[in-house]
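Because the structure is a prediction, the values reported are computed rather than measured.
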Amino acid sequence: GAGGKVPIEVRPLGINPMYVPAERAEGRPLPFLAFIDRGMRKGGVQALGAFQAAFGDDMDYKLILKGRKSKVTAEILNPNVELIQDDYSEEQMRDLFYRADVMVANTRGEGFGLLPRQAAACQCIALATDFAGTADHLDQWGIGIDYKLVRADWAGHNQFSKMDLGCWAEINMADLVDKLEAIADN
């Protein structure tokens with residue numbers, strides 16, 4: 001066609017077929033999963049706040065917060081919150097999704113939203129911000145979290161603090177808390 005000499009390989013958009021449903025253990029605290037990272041975009045701090053608002057320190061509910069290896073060591077004082085700060089292989093990620101019944105992906109913006117889609121493929125209930133990449137076909141794989149668009153606030157992040165980086169989604173915290181409680185009740 002256009003002068004290219006290297007063969008092109010078409011890759012399907014989607015998730016690795018290793019992410020499949022699995023049986024969950026019974027008689028355990030209802031486990032929720034959220035991702036907390038070095039950036040502000042993933043919304044892990046807000047997920048923790050919504051979990052605390054919904055369940056407090058009730059040991060019938062558990063939140064797993066997953067982040068990457070960090071130069072900063074954090075400690076969570078809530079007895080029903082587990083913090084993981086480590087880099088995981090794809091198999092470890094799948095096994096992490098198997099530990100959870102619900103994934104909270106209250107991101108401020110994603111191009112695709114691979115993590116909540118992987119969780120949904122592992123039979124987690126996936127709550128995701130109904131915006132940008134996570135909004136695509138959300139009704140087929142997850143439950144939307146209401147939001148409003150606000151100016152992206154990167155104050156305190158030197159490389160971005162003076163830049164206009166457009167808008168991002170700010171979740172409706174009451175909507176997320178209501179959805180966490182409704183899932184727990186049902």
Side-chain angles (χ1 to χ4, degrees), residues 13-16 19 31-55 61-70 72 74 76 81-88 90 92-94 96-97 99-157 159-161 163-183:
L13 181 62
I15 59 173
N16 187 321
Y19 293 98
F32 294 81
L33 171 66
F35 285 80
I36 192 164
D37 218 326
R38 293 168 265 197
M40 298 167 51
R41 186 176 47 85
K42 293 290 185 194
V45 171
Q46 291 79 10
L48 173 60
F51 178 84
Q52 289 175 321
F55 309 116
Y61 307 96
K62 178 178 185 168
L63 176 63
I64 304 165
L65 282 176
K66 166 69 174 78
R68 297 182 199 159
K69 277 188 182 172
S70 178
V72 177
I76 303 290
V81 177
E82 174 187 352
L83 175 63
I84 299 169
Q85 289 182 284
D86 201 3
D87 297 331
Y88 271 18
E90 201 156 8
Q92 288 172 305
M93 288 297 294
R94 181 199 56 213
L96 180 62
F97 293 134
R99 289 182 56 200
D101 286 358
V102 182
M103 175 169 177
V104 182
N106 55 300
T107 178
R108 290 182 164 122
E110 293 289 335
F112 179 65
L114 185 60
L115 292 172
R117 283 177 167 87
Q118 290 169 329
C122 290
Q123 212 167 2
C124 281
I125 297 170
L127 293 171
T129 308
D130 197 4
F131 172 70
T134 51
D136 291 342
H137 308 290
L138 180 59
D139 62 329
Q140 296 176 26
W141 59 267
I143 299 169
I145 303 167
D146 292 339
Y147 71 93
K148 66 179 178 181
L149 284 180
V150 299
R151 281 296 211 204
D153 180 6
W154 288 92
H157 293 273
Q159 70 269 36
F160 302 127
S161 63
M163 298 173 71
D164 180 1
L165 297 173
C167 292
W168 62 18
E170 193 65 47
I171 63 156
N172 177 329
M173 189 66 99
D175 181 57
L176 177 54
V177 170
D178 287 348
K179 286 179 173 149
L180 295 176
E181 291 172 340
I183 288 169

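Residues V150 and K148 meet the side-chain proximity criterion, which asks for heavy atoms closer than 4.5 Å. For the pair V45/I36, a side-chain contact is recorded, criterion being any heavy-atom separation below 4.5 Å from C-beta on. Inter-residue side-chain proximity for P116 and W141 is flagged as met; some heavy-atom pair is nearer than 4.5 Å. Considering only heavy atoms from C-beta on, T107 comes within 4.5 Å of R41 through its side chain. Using a 4.5 Å cut-off on side-chain heavy atoms (C-beta onward), I64 and L83 make no contact. Side-chain contact check for I145 versus T134: every heavy-atom pair is 4.5 Å or farther apart.
L114 contributes atom CG, which lies 8.5 Å from atom CE of M93 (distance to the nearest 0.5 angstrom). Note that CG of L115 is 11.5 Å distant from SG of C124, once rounded to the nearest 0.5 Å. With rounding to the nearest 0.5 Å, the separation of CD1 in I171 from CG in D146 is 10.0 Å. To the nearest 0.5 Å, atoms NZ (K66) and CZ (F35) are separated by 6.5 Å.
When the side chain to side chain contact (heavy atoms under 4.5 Å, CB included) test is applied to Q92, the partners found at least two apart in sequence or on another chain are Y88, S89. Every residue two or more places apart in sequence or in another chain that forms a ring pair (Phe, Tyr, Trp, His ring centres under 6.0 Å) with F131 is listed here: Y147. For N172, the side chain to side chain donor-acceptor pair (under 3.5 Å) test picks out no residue, with sequence neighbours left out.
Residue pairs that meet the salt bridge (charged side-chain N to carboxylate O under 4.0 Å, His left out) test with at least one member in residues 164-179, sequence neighbours left out, are R108-E170, R151-D164, D175-K179. Residue pairs meeting the salt bridge (charged side-chain N to carboxylate O under 4.0 Å, His left out) criterion with at least one member in residues 111-129, sequence neighbours excluded, do not occur. Residue pairs satisfying the salt bridge (charged side-chain N to carboxylate O under 4.0 Å, His left out) criterion with at least one member in residues 128-140, sequence neighbours excluded, are absent.
Shortest non-hydrogen contact noted between A100 and L33 is CB-CB, 3.7 Å. Scanning all heavy atoms of the two residues, the minimum distance from L180 to A54 falls at CB-CB, 4.2 Å. When all heavy atoms of G43 and N106 are compared, the pair lying nearest together is O-ND2, 2.8 Å. The two residues E90 and Y19 have their closest heavy-atom pair at CG-OH, 3.0 Å. Of all heavy-atom pairs spanning T129 and A169, the tightest one is CG2-CB, 3.8 Å. Minimum interatomic distance between I15 and A121 (heavy atoms only, all atoms of both residues): CD1-CB, 3.2 Å.
When each of D101, V104, I143 is paired with I125, the side-chain contact (heavy atoms from CB on, under 4.5 Å) condition holds for I143 and for no other.
Side-chain atoms of R68 do not come within 3.5 Å of backbone N or O of Q85 as any donor-acceptor pair.
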Verdict with reasoning, K62 to F32, per side chain to side chain contact (heavy atoms under 4.5 Å, CB included)
CA-CA 6 Å; K62 178 178 185 168; F32 294 81; over 6 Å; no
